[in-house]
Amino acid sequence: MTSDLALLTTAAEEWDKAAKDFEKVQKAYNSQVRNVAIDGSWTGVARTFAEMANKQTYEQFTAAAKEARALASLLRDAHAQFTDLRGKLKAQVAKAEAAGMKMSDDGTARFDFEKADKALANAARHDPDLHTTESSWTKSIGDLVQAFDDADQGVKLALSAAVQDTDKNDNIDHSFNAKAEGDIEKVEGRRQAELARLTHWDDKQLAEMQRLFRDNAKNKEFSQTLLDSLGPRETLFLSNRLNEAMDAAGESSKPSLGNIEKGLATSLATATRSPDPAFYDKWREGIRKVGTEVAGSRQKVQVRGYQSLLTLMSQGSGFSTRFVTDLGDDIIAAEKGHHGIWDMPSGKNLAHPPRWLATDPLDSLLGIAARDPKTAEAFLDPGPDGKNDRLKYLVHDRDWKNRYELTGNYSHPDADQFRKVEDPNARKGLASAIEAAATGQRAEDTPKMGAVHTEGQARVMQGAVEALNGKFGDKLPENLRSPIARAIVDYAPDTHEILTGQNPRYGYEGGLKNPWTKDGDSHLAVDQQSLVRVIRGVSDDPKNFSLIYNTERAYSADVLAKMPDRPSGANTDWNVPSRDVGMAFGALNAVGADAIMDTQDARKAWADDVARYGYHLGGAPVTGLPLIGDVAQRTIDAAAYDWSKDIKNLADEKARGELAKDWTKDTASVKDLIDASAKVRHLDPTEPQDPYYNDVKQMRQEAEQSYAAGRNKALAYLRPN
């Protein structure tokens with residue numbers, strides 16, 4: 001902390017001067033010594049040998065200048081790194097002290113009771129989290145000290161490499177280094193490649209590999225030097241080796257191997273994020289070649305390059321949109337040209353594929369794209385002209401069966417004893433990517449239900465709903481259900497209008513070819529049938545149905561809240577919103593009815609789960625809906641009826657064989673919501689003497705009629721026969 005770092009730049013200046021001195025002496029040597037042997041006045045064997053020696057000496061002057069300038073560059077690089085790190089370390093210590101900490105010489109943070117006033121010191125003594133706070137400051141200081149030491153080790157490595165005799169065949173002991181490198185990170189990149197090629201790693205080598213990645217994985221020069229030195233095939237083989245080693249290693253060795261793989265993945269992200277075409281294009285072309293080939297001949301099960309690559313990428317982050325989309329296009333092209341290329345186990349070999357392997361590289365890539373919603377949107381957006389067909393290919397055209405299993409058919413020697421099936425994890429990456437691309441949110445983010453959407457997001461959502469309906473109808477694969485349900489919730493204002501089928505901006509029931517945009521907000525405008533069938537598809541999971549129902553309930557409360565405080569002459573400004581609410585709830589209850597009819601013996605369990613999830617979700621969608629106001633929130637709070645009872649009634653009706661007898665029986669939750677909207681207007685929907693009693697009653701009647709219409713229409717989509 002007290003070292004005079006300026007001495008490094010002073011030394012660098014001296015080495016620059018040394019380089020110039022070498023060049024001056026070289027010039028004098030060339031004119032006064034070397035030229036004597038080549039001016040034609042000296043002949044014979046002695047002249048020949050003298051010329052050879054003179055040439056070597058001349059080249060040593062060139063190498064000496066090269067080495068001197070490399071040392072100067074390395075010292076300046078070291079000065080810049082050390083100055084930056086020392087500044088960060090001092091700043092962090094200052095922050096710790098400002099927070100009441102006292103730093104020991106070994107970097108341990110302890111609360112400074114001597115400087116604290118009596119009240120603060122007393123509070124600290126009784127703070128159960130004090131030790132955690134102290135440990136946090138100690139770790140932050142320790143991390144910076146570690147970074148300083150890592151940088152110091154890198155400088156030492158680079159300086160040592162710069163003065164190495166790299167030409168062992170010149171018959172000169174300790175010759176100057178004509179290949180001296182003046183960039184610390186490039187030296188470290190080459191060293192990492194050298195370590196990667198070893199057939200076995202001891203603890204010291206593993207520690208060095210970890211140090212190199214810890215210090216440099218986010219540095220472009222290091223990362224590109226490493227990957228360029230290894231090339232795609234050796235990089236992927238290194239990833240495979242690391243994973244195999246982790247499988248075989250004891251618990252003590254696994255963390256170091258895992259850290260190295262994460263470092264390699266981070267370096268891959270760093271190297272490919274640069275727009276440098278000389279590296280990027282070469283690397284992409286190399287990956288295309290090895291992507292469809294077996295990366296390592298010693299693999300027990302055939303592991304193709306793209307599978308190894310996505311296994312590696314799954315351990316990293318920060319991959320650029322360009323790299324993800326380019327890689328996706330290349331994988332799609334590869335699987336279109338090689339049907340069954342990802343079949344696992346390969347060749348109907350029933351040995352299990354490695355547990356660590358990304359058996360489906362395209363779906364794994366989609367999972368990585370989903371980490372960055374903008375990348376997912378760029379990958380899946382069909383575009384204004386619809387020319388990007390990735391989404392259609394993934395949902396509608398792609399063959400997702402890539403696993404073999406035994407059929408159990410041993411009746412005849414010629415019988416097919418194997419069949420191809422989908423992996424249990426199939427489409428998980430696709431589902432996450434659709435959700436991220438359509439909503440602008442990752443699955444782990446807090447949902448912004450009803451948020452503003454870009455044109456690309458709305459196109460992804462529209463394309464996904466249409467493609468899912470076209471491919472699966474109302475029976476979605478399990479892994480697609482929850483992410484698609486969350487995306488539907490994100491478009492709550494649009495789905496409400498689509499379910500009512502009365503808004504020309506949405507193309508009525510038939511929808512529009514493309515989403516529509518106003519004031520920078522784009523809107524889903526899919527046809528009503530597709531939306532209803534996809535909602536049904538996600539609703540095999542009762543939690544999804546409950547989430548969608550709760551969100552519609554919240555949005556309907558907001559629709560009612562925005563009505564005038566008192567109706568006008570013809571009551572249309574109260575009746576029309578009531579009809580829309582009834583229509584939407586009728587459609588959703590039809591979805592519930594269809595689920596109950598399909599589940600048969602499990603219908604009561606499904607209804608009970610809907611009720612349970614509805615209870616736990618409570619008003620969650622309300623607080624997450626930016627469009628909803630205080631009046632709507634109070635309307636929800638005033639609604640006393642448990643809406644899930646309507647779903648339980650459906651199950652009971654099905655058990656009695658009465659489900660189709662009365663389409664308006666299960667409308668209590670809709671009526672209760674209307675009554676609640678009256679209560680927040682200080683009206684009494686139960687008192688005939690209230691001057692607006694009949695107006696509220698008419699709202700219920702309008703909603704009930706629309707409910708029946710919405711339910712019938714939705715059931716016609718779900719049960720056309």
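No hydrogens, no waters, no symmetry mates; every other heavy atom, side chains included, goes into these values. Here, residue 1 is the first one in the sequence, and each next residue gets the next number. Everything quoted here is computed from the prediction, not taken from an experiment.
Checked by atom type and distance alone, the side chain of Asp684 pairs as donor or acceptor with a backbone atom of Thr686 at under 3.5 Å. Judged purely by atom type and a 3.5 angstrom limit, Gln698 has no side-chain atom pairing as donor or acceptor with the backbone of Asn575. A donor-acceptor pair under 3.5 Å is absent between the side-chain atoms of Ser432 and the main chain of Gly429, judged by distance alone. In this structure, Ser530 contributes its side chain and Val526 its backbone to no donor-acceptor pair below 3.5 Å. Between the side chain of Ser706 and the backbone N or O of Ala703 there is no donor-acceptor pair closer than 3.5 Å.
A salt bridge does not link Lys401 with Glu422: every distance from a Lys NZ or Arg NE/NH1/NH2 to an Asp or Glu carboxylate oxygen is 4.0 Å or more. Taking a cutoff of 4.0 Å between a charged side-chain nitrogen and a carboxylate oxygen, Arg634 and Asp630 do not qualify as a salt bridge. Contact check on Arg566 versus Asp695 returns no salt bridge, with no Lys/Arg side-chain nitrogen under 4.0 Å from an Asp/Glu carboxylate oxygen. Ionic pairing of Asp675 and Arg700 is present here: one or more N-O contacts between side-chain nitrogen and carboxylate oxygen are shorter than 4.0 angstrom. We find that Asp360 and Arg403 are not joined by a salt bridge, their nearest charged nitrogen and carboxylate oxygen being 4.0 Å or further apart. Salt bridge status for Asp609 with Arg612: present, with a side-chain N to carboxylate O gap under 4.0 Å. Between Asp343 and Lys420 a salt bridge is recorded (basic side-chain N to carboxylate O distance below 4.0 Å). Between Glu435 and Arg442, no side-chain nitrogen of the basic residue sits less than 4.0 Å from a carboxylate oxygen of the acidic one, so the salt-bridge criterion is not met. Look at Arg427 and Asp363 and you find no salt bridge, because none of the NZ, NE, NH1 or NH2 atoms lies under 4.0 Å from a carboxylate O. Using a cutoff of 4.0 Å between basic side-chain nitrogens and carboxylate oxygens, Arg459 and Glu455 are scored as salt-bridged.
Between Leu499 atom CG and Leu588 atom CG the span is 5.5 Å, to the nearest 0.5 Å. Atom CG of Leu531 and atom OH of Tyr491 lie 12.5 Å apart (nearest 0.5 Å). We find the OG1-CE distance between Thr495 and Met461 to be 8.5 Å, quoted to the nearest 0.5 Å. A distance of 4.5 Å separates CG in Leu560 from OG in Ser677, rounded to the nearest 0.5 Å. In this structure, OH in Tyr508 is found 13.5 Å from CD in Gln528, a value given to the nearest 0.5 Å. A distance of 11.5 Å separates CG of Asn469 from CD1 of Ile535, quoted to the nearest 0.5 Å.
Using modelled atom types, one finds a donor on one side chain and an acceptor on the other under 3.5 Å when comparing Thr454 with Glu377. Judged purely by distance below 3.5 Å, without hydrogens or angles, the side chains of Glu335 and Trp342 pair a donor atom with an acceptor atom. Looking at His453 and Asp490, their side chains do bring a donor and an acceptor atom within 3.5 Å of each other. Side chains of Lys428 and Asn425: a donor on one and an acceptor on the other come within 3.5 Å.
Minimum heavy-atom separation, Leu476 to Arg481: O-NE, 3.1 Å. When all heavy atoms are compared, the tightest approach of Ala436 to Ala370 is CB-O, 3.6 Å. Listed here is the closest heavy atom pair of Val395 and Leu430: CG2-CD2, 4.3 Å. Residue Leu718 comes nearest to Asp474 through the heavy atom pair CD2-OD2, 3.8 Å, listed as atom of the first residue, atom of the second, then distance. In plain terms, the two heavy atoms of Ser539 and Val591 that are nearest each other are OG-CG1, 3.7 Å.
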Working for side-chain contact (heavy atoms from CB on, under 4.5 Å), residues His496 and Ser556: CA-CA 8 Å; His496 175 85; Ser556 290; 3.9 Å; yes
Pair Tyr613-Phe545, ring pair (Phe, Tyr, Trp, His ring centres under 6.0 Å): steps then yes or no: CA-CA 9 Å; Tyr613 288 125; Phe545 178 79; over 10 Å; no
Worked check of side-chain contact (heavy atoms from CB on, under 4.5 Å) between Thr439 and Arg486: CA-CA 9 Å; Thr439 66; Arg486 290 191 294 268; over 6 Å; no
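For the pair Lys671 and Tyr707, the NZ or CZ position fails the cation-pi test of under 6.0 Å to the six-membered ring centre and within 45 degrees of the ring normal.
In this pair, Trp574 and Tyr692 present their aromatic rings tilted. The plane angle is within the 30 to 60° band.
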